[in-house]
Amino acid sequence: MKTFPLTLNQIQTLATQFPTPFHLYDETAIRDNARRLTRAFSILPDFREFFAVKATPNPFLLRILASEGFGADCSSLAELRLCEAVGITGERIMFTSNETPDEEFRVARDLGAIINLDDITHMDALIAATGSLPKTLCFRYNPGPLKAGNAIIGKPEEAKYGLTREQLFEAYARARDLDVQTFGLHTMVVSNELDEQYHIETARMLFELAVELHQRLGIRLSFVNTGGGIGIPYRPEQKGVDYDTIARGVRQQYDAIIVPAGLDPLSCNMECGRAITGPYGWLVTRAIRRKETYRSYIGVDASMANLMRPGIYGAYHHITVLGKETAPATRTYDIVGSLCENSDKFAIQRQLPEIEMGDWLVIHDTGAHGHAMGYNYNGKLRSAELLLRPDGTVVQIRRAETLADLFATLDLKAAATFQ
Ligand SMILES: *Cc1c(COP(=O)(O)O)cnc(C)c1O
């Protein structure tokens, strides 16, 4: 059963202050989940989660997660600057970028971030951009056909990320010769994966590589980072991942591979996004139009501008009609936004209770890769983000965009007299 932390009455009151649509996040649930994850993985040496900022790039949420001991995984200039602004710097930032512009390398170095290179040529690019290699360097491994990916991320050999196995050995040898002191190894081979075994296998792959790097090059890694990709149960019938199962499985692999090779302690890190905030955010929208043609449509005041996953991936997001949680699902609807784009649908042929105009629809699991992916097609504006605090108050942590924001990069006066 999917839950929502506010009642219909509370939402009605809230909407007098913050018009729909908006994303709402639950601070208590985010903190509880962060603590569960940290507790489970504390059986690994010096474990740290670096929250993938791109999932929900809101500085208030970054502060909450930092206070729970998380670092940040950045992949762009904006994400680096957001972290800097809220006091996340140094080795609390993992900079996992690709096709990295020079300026981003420079900013990452200035902030003291751990730099994770996506390609063997990026060592020279980093030297050219910043004058040297940092003392700590990490490489992103792409296992190619050696490892099966999953449906969402695709096959590793078709992914643009990371170094091949051969390149990896060459890169570490060269980095060692160029006086890099501290080494990390990273990979990211699955996305939204609910099978705990996948995540354990990923760790095993990196542990085996750590041993091989030591045997062949005499390099002793300081950390491995298994990336993100822990899935969440978007569908009510799915079962969430058990952190303890993954952590214990990884620990077993560690004890079987790292310890006998004399490479203990080796820090183990992750950079999950979706699993950290995904289930604890909701897009709240209202039914504004009903349409009966070949299908029954309910038009809502949110659109793909606020949540793209259903439109671009056909992703399932559960929908609850507030106040009708226990009403029988007697109707079949397409729940749609107002973009001139037929993929602007939050649900297709979904069984729901009878919906009346003005009803409040809660779209679940929008706390990661939700607001963040929004765009301005058709001139649609991105919504506010609200935070439900532990004391029950709701604060706005990002205001809604206005037309003035949208037009800020245009000179409308000049355009009006342009010939
Ligand atoms: C997107 C991304 C993540 C986070 O992925 P989730 O599926 O949200 O856990 C972590 N690391 C890298 C390099 C990514 O690109």
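Treat the numbers as computed from the prediction; the structure is a model and nothing was measured. One-based numbering, in listed order, for ligands and for the atoms of each.
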Closer than 4.0 angstrom, basic N to acidic O: yes or no for [X] and [Y]?
| X | Y | answer |
| --- | --- | --- |
| E79 | K54 | no |
| D405 | R399 | yes |
| E271 | R48 | no |

For the rings on F70 and F50, is their centre-to-centre separation under 6.0 Å?
->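 No, they do not, as the ring centres are separated by 6.0 Å or more.
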Any idea how Y25 and H23 line up, ring-wise: parallel (<30°), tilted (30 to 60°), or perpendicular (>60°)?
->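 Because their plane-to-plane angle is under 30°, the rings of Y25 and H23 count as parallel.
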A275 touching ligand 1 at heavy-atom level, < 4.0 angstrom |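 No heavy atom of A275 comes that close to ligand 1.
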Hey, does A55 sit under 4.0 Å from ligand 1 if you only count heavy atoms?
->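 False for this residue.
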Based purely on interatomic distance, does [X] place a nitrogen or oxygen under 3.5 Å from a nitrogen or oxygen of ligand 1?
| X | answer |
| --- | --- |
| R140 | no |
| N192 | no |
| G227 | no |

Using a 4.0 Å heavy-atom threshold (strictly under), name the region of M188 that reaches ligand 1: side chain, backbone, both or neither.
->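 The answer is the side chain.
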Nearest-contact summary for atom 10 (C) of ligand 1 - protein heavy atom, Å =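 Among all protein heavy atoms, the one nearest atom 10 (C) of ligand 1 is E271 O, 3.0 Å.
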